[in-house]
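Data block below; observations after.
Letters A, B, ... mirror the listed sequences (proteins, then strands); counts begin at 1.
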Protein chains: 2
Amino acid sequence: MARTQAADYDDRRKAIMATAARLYALHGFLGASIAQIAAAGETSKSLIYHYYPSKEDILFDVMDSHVQGLVETALAVEAGSEEPRDKLRRLARDLMEHYEGAQSNQKVLLNELGNLPVDRRQDIVDRQRVVIDVVDRLLLAIRPDLAQDRPRRRSLTMLFFGMLNWTHTWFDPAGPIKSQTIADDAAEMFLSGLAQPQA
Amino acid sequence: MARTQAADYDDRRKAIMATAARLYALHGFLGASIAQIAAAGETSKSLIYHYYPSKEDILFDVMDSHVQGLVETALAVEAGSEEPRDKLRRLARDLMEHYEGAQSNQKVLLNELGNLPVDRRQDIVDRQRVVIDVVDRLLLAIRPDLAQDRPRRRSLTMLFFGMLNWTHTWFDPAGPIKSQTIADDAAEMFLSGLAQPQA
DNA sequence: CCTACCGATCGGTAGG
DNA sequence: CCTACCGATCGGTAGG
């Protein structure tokens, strides 16, 4: 009988990635060693290097698999039929839901981009850019007067992401506040702050 | 004549701290070696260890000297005579000004807390807490109906800090947008989002 | 005799 | 999948 280990190849790889994500999030990419990841996953360094050519390749996988989900979420919301303000409210909720379901990946995505080799870094930045651009287009639909002011739009958009992305430093899904409440509050602040064109 | 080199003790120490702050911000605490810090400052490792007992002590100094300024800023604004909403607007401006003037320290403060030994970490967390509590009290003054809902207030407060603190990832002081504009936008979003008590 | 500082190297541990 | 290692570099310290 042929060896069937390839059958659980994806599962093993995902398990390694999940353990790495947890330790990268906890100790930082440089602070978490391959030996620690192996021990935490009850395997060996050799096994890890069988599935990944390098420590940085695991990091890329942790980030890329996560950011791809964010891109899908953002594009799905944009493709809907709601009005721009409602799309933004929904996007806040869906992104927060994604963050909550992959906290380690999210932390790693936000904190460890600098530890990725330059060429692979661009892939991640490009995908993040897609998500940011969705918000930029929603903002433009809400505030057409900002059509000529790209820097200002970018600045306002980043305030929106600031509210959502900063949650990785303080939000506890097990606590009294739900991620949906946070998403709704962030969306309301953003939208009501946009309501009046300022001088 | 007695040696007078001790006269520039503080200057040398500050120079080491500034170089360390820059490299810690750029490469991360673990990614920046004492040797690199020495080379960048055109001195030697031995000189650095004459001024600091360990790499972590430099990290603590980078964070503590910065967060102390933030505490002073926040308490000064709170002690003023403006109404709560104006205090919050001013606080956003003053904090952003502080961030802009110490970008490396701010990045290190936000990213490297986990690399501080646990006992010294608490000192920094306590000081950050003072700044957060100022916003919590301003929020309470603006929305007295949230007096019994501490978790919600904490959550709203952290959305405010999210907008400001996330700037370290994208804001370029040399770009077309001024930090004051960002501060004003963030304060307006926060205040207008707070205006209507939600269901 | 002290403080300030240098060139060289220590014991351990990292990723691979 | 393990043990035994490597070249390099780490934070920290020696003598003078």
Side-chain angles (χ1 to χ4, degrees), chain A residues 2-17 19-63 108 112 114-118 120, chain B residues 1-17 19-24 26-63 108 112 114-121:
Chain A
R3 294 183 64 173
T4 54
Q5 290 200 352
D8 56 9
Y9 182 91
D10 284 348
D11 287 344
R12 280 176 178 272
R13 200 176 147 106
K14 278 178 192 165
I16 292 169
M17 188 182 71
T19 303
R22 212 182 76 237
L23 293 183
Y24 288 171
L26 202 57
H27 305 295
F29 175 72
L30 294 175
S33 70
I34 292 290
Q36 285 175 322
I37 295 168
E42 291 179 323
T43 90
S44 66
K45 291 205 293 179
S46 306
L47 191 273
I48 290 175
Y49 280 106
H50 174 69
Y51 284 88
Y52 287 98
S54 76
K55 199 187 179 191
E56 280 83 4
D57 282 273
I58 313 177
L59 178 63
F60 179 80
D61 209 2
V62 168
M63 292 182 165
V108 172
E112 307 296 345
N115 288 117
L116 220 47
V118 274
R120 318 210 65 184
Chain B
M1 206 161 96
R3 298 183 63 172
T4 52
Q5 289 202 354
D8 56 8
Y9 181 90
D10 283 348
D11 286 345
R12 280 175 178 273
R13 200 177 147 105
K14 278 178 190 163
I16 292 168
M17 189 184 70
T19 304
R22 212 181 77 237
L23 293 183
Y24 288 169
L26 201 58
H27 306 296
F29 174 73
L30 294 175
S33 70
I34 292 289
Q36 286 175 323
I37 294 168
E42 289 178 325
T43 94
S44 66
K45 290 207 295 177
S46 305
L47 192 273
I48 290 177
Y49 280 107
H50 175 71
Y51 284 88
Y52 286 98
S54 76
K55 199 188 179 190
E56 281 83 4
D57 283 272
I58 314 177
L59 179 62
F60 180 80
D61 209 3
V62 168
M63 292 182 165
V108 171
E112 306 295 344
N115 288 117
L116 220 48
V118 273
D119 50 319
R120 319 209 63 183
R121 200 181 305 173

From CG of B:Leu59 across to C1' of D:dG11 the rounded distance in Å is 14 Å
Numerically ordered, the residues 28-43 of chain A set in heavy-atom contact under 4.0 Å with DNA chain D is none
Under 4.0 Å between a side-chain N/O of B:Ser44 and OP1 or OP2 of C:dC6, yes or no? yes
- Message: Does a side-chain N or O of B:Arg12 approach OP1 or OP2 of C:dC5 to a distance below 4.0 Å, or not?
- Response: yes
Rounded to whole Å, the CD1-P distance (B:Ile48 to C:dC6) equals 10 Å
Ranking C:dG16, D:dG11, D:dC2 by distance to the side chain of A:Ser46, first place goes to D:dC2
* **Side-chain N,O (B:Tyr51) to OP1/OP2 (C:dC5) below 4.0 Å** => yes
Tightest non-hydrogen contact, residues A:Ala21 and A:Val108, listed as O-CG2, 3.7 Å
Would one find a side-chain N or O of B:His50 under 4.0 angstrom from OP1 or OP2 of C:dC5? no
Next item on the list: Please confirm whether any donor atom in the side chain of A:Lys55 sits under 3.5 Å from an acceptor in the base of C:dG16, or the reverse.
Entry: no
CD (A:Gln36) and CG (A:Leu26) are apart, to the nearest 0.5 Å, by 9.5 Å
On a heavy-atom basis, the closest approach of A:Glu112 and A:Met63 is C-CE, 3.3 Å
Nearest heavy-atom contact between B:Tyr52 and B:Met17 is OH-CB, 3.7 Å
Can you tell if the side chain of B:Ile58 reaches within under 4.5 Å of the side chain of B:Tyr51, non-hydrogen atoms only? no
Considering only heavy side-chain atoms of A:Leu47, the closest of D:dC1, C:dC6, C:dG16 is D:dC1
For a 4.5 angstrom cut-off between non-hydrogen side-chain atoms, does A:Leu116 reach A:Phe60? yes
Problem set entry | Min side-chain heavy-atom separation B:Tyr49-B:Ile34 under 4.5 Å | yes
If you compare every side-chain N and O of B:Tyr49 against the phosphate oxygens of D:dT13 (OP1, OP2), does one of them come in below 4.0 Å? no
Separation of D:dG11 atom P from B:Glu56 atom CD, nearest Å, is 9 Å
Per-residue pairing states of DNA chain C in dot-bracket (Watson-Crick or G-U under 3.5 Å; . unpaired, | other strand) read .....|.|.||.|.|.
Report task. Compare all side-chain heavy atoms of A:Tyr24 with those of A:Lys55 and state whether any distance is below 4.5 angstrom. Result -> yes
To the nearest angstrom, the CD1-P distance between B:Ile16 and C:dC5 comes to 9 Å
Salt bridge (charged side-chain N to carboxylate O under 4.0 Å, His left out) filter on B:Arg13, not counting sequence neighbours, yields B:Asp61
note: A:Tyr52, atom OH; C:dG15, atom C1'; distance rounded to Å ~ 17 Å
